[in-house]
Amino acid sequence: MKVGIIGAGNVGTGIGRHLAAKGHEITVSFSKTPEALDKAAATIGAGAKPGSVEQAVAHGDVVLLATPWGVTLETVRGLATKLAGKILWDTTNPLKADMSGLQIGTDTSGGEEVAKAAPGALVVKAIAPFAEVLHSASTLIAGMKPSVFVCGDDAGARTTVLSLVNDLDAGGVDAGPLSLARYTEPAGMLMVQLAYMNGFGARIASVLIQDKPL
Ligand SMILES: NC(=O)c1ccc[n+]([C@@H]2O[C@H](COP(=O)([O-])OP(=O)(O)OC[C@H]3O[C@@H](n4cnc5c(N)ncnc54)[C@H](OP(=O)(O)O)[C@@H]3O)[C@@H](O)[C@H]2O)c1
């Protein structure tokens, strides 16, 4: 599959390298310096190409959004026309800049606000495991796959993102409509709090268990 990445940072490169290793064709975009973008493409490897944000969007059947929350809505609004009809995998979390909490939540979500910013896109919210985990030799923690909750209003788009999540060696959980991001984003915030404020470190994840197979 062709995947365009907006945001060449820890998450963009971390997801990119897993997908590239599984044979997906990657164009990665945005860094304030061309050198950093070239380095991001090299980190992803397997022929990943650096490009402009517009080139990444044009390339992708799926466009991965991996930007800091503070620039996310403005970025998406500027690309809304070009994103029409594309699957937009939103992996952002609407964190306050100092990571002390979420900027929005429970009566809306970052995912829903992204969908309003790009009304023609098929937005799927799926917050990836911590970048430290994505950049490790294995995504497994204590032998288990981190769960990734996948929410979106288009069932086909959700299925596509679930298969990409599974290519990260994470456990995709079909969580249903995009409005469920109101709860998955705070769950992501809990992980941030535990990892960085409570001293657990970033090699943690939540795992959904249930009697019947997921
Ligand atoms: N890190 C994690 O473990 C983790 C886990 C789950 C979810 N998340 C979420 O994933 C998102 C990305 O996190 P990250 O850790 O990858 O952040 P990061 O390492 O800071 O990377 C962010 C990337 O976005 C780029 N960027 C900045 N302004 C932009 C703009 N206007 N348009 C397009 N791209 C822009 C940055 O470029 P420059 O470097 O040139 O500024 C950088 O390449 C955040 O919303 C975060 O909450 C992070």
Side-chain angles (χ1 to χ4, degrees), residues 4-19 26-44 48 50-57 60 63-80 82-83 88-105 109-111 113-114 117-118 123-136 139 141 146-151 161 164-165 168 170 172 181 184-197 200-206:
I5 299 178
I6 306 174
N10 295 312
V11 170
T13 57
I15 292 178
R17 61 188 281 274
H18 284 275
L19 298 184
I26 311 289
T27 295
V28 61
S29 73
F30 199 89
S31 202
K32 291 192 182 75
T33 67
E35 295 76 20
L37 189 57
D38 287 344
K39 197 172 160 204
T43 300
I44 293 171
S52 66
V53 171
E54 288 74 15
Q55 284 168 333
V57 172
V63 178
L64 180 80
L65 190 57
T67 47
W69 177 249
V71 301
T72 294
L73 295 181
E74 183 193 333
T75 301
V76 172
R77 268 186 220 109
L79 295 163
K82 295 183 171 73
L83 285 166
L88 182 58
W89 173 3
D90 173 15
T91 190
T92 67
N93 211 3
L95 301 180
K96 292 180 179 171
D98 64 1
M99 298 207 309
S100 63
L102 293 176
Q103 283 199 6
I104 55 169
S109 61
E113 296 306 310
V114 164
V123 176
V124 178
K125 183 81 194 205
I127 299 176
F130 281 129
E132 182 157 324
V133 175
L134 293 170
H135 283 282
S136 298
T139 309
I141 301 174
S147 294
V148 173
F149 301 99
V150 179
C151 323
V161 173
L164 294 174
V165 165
L168 308 179
T184 66
E185 291 169 4
M189 180 67 227
L190 174 65
M191 290 296 117
V192 170
Q193 180 75 36
L194 293 177
Y196 299 112
M197 287 73 168
F200 285 51
R203 285 199 53 82
I204 60 168
S206 51

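On a predicted model such as this, the values are computed, not experimentally measured, just so you know. Every number for a ligand or one of its atoms is a count from 1 in the order of the listing.
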Numbering the atoms of ligand 1 from 1, which are under 4.0 Å from a heavy atom of [X]?
X	answer
Val71	28 (N), 29 (C), 30 (C), 31 (N)
Ile127	6 (C), 7 (C)
Thr91	7 (C), 8 (N), 9 (C), 10 (O)
Thr75	30 (C), 31 (N), 32 (N)
Ile6	33 (C)

- [ ] Please check if a non-hydrogen protein atom sits closer than 4.0 Å to atom 1 (N) of ligand 1.
- [x] yes

Nearest non-hydrogen protein atom, [atom]:
atom	result
atom 41 (O) of ligand 1	Lys32 NZ, 2.6 Å
atom 16 (O) of ligand 1	Val11 N, 2.8 Å
atom 21 (O) of ligand 1	Gly9 CA, 3.2 Å
atom 25 (C) of ligand 1	Phe30 CD2, 3.5 Å
atom 43 (O) of ligand 1	Ala8 N, 2.9 Å
atom 3 (O) of ligand 1	Ala131 N, 2.7 Å
atom 39 (O) of ligand 1	Ser31 OG, 4.2 Å

Open item on the list: Measuring from non-hydrogen atoms of Thr67 to any atom of ligand 1, is the shortest distance under 4.0 Å?
Closed with: yes

Open item on the list: Looking at ligand 1, would Pro68 count as a contact under a 4.0 Å heavy-atom criterion?
Closed with: yes

Open item on the list: Is it the case that ligand 1 has an N or O less than 3.5 angstrom from some N or O of Glu132?
Closed with: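 Not met; the criterion fails.
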
What part of [X] sits under 4.0 Å from ligand 1 if we count only heavy atoms: the side chain, the backbone, both or neither?
X	answer
Val53	neither
Ala128	backbone
Asn93	both

Task: Candidate with minimal heavy-atom separation from atom 12 (C) of ligand 1, of Ala66, Ala202, Gly7 - done: Ala66

Task: Heavy-atom side-chain proximity of Ile5 to Ile15 below 4.5 angstrom - done: no

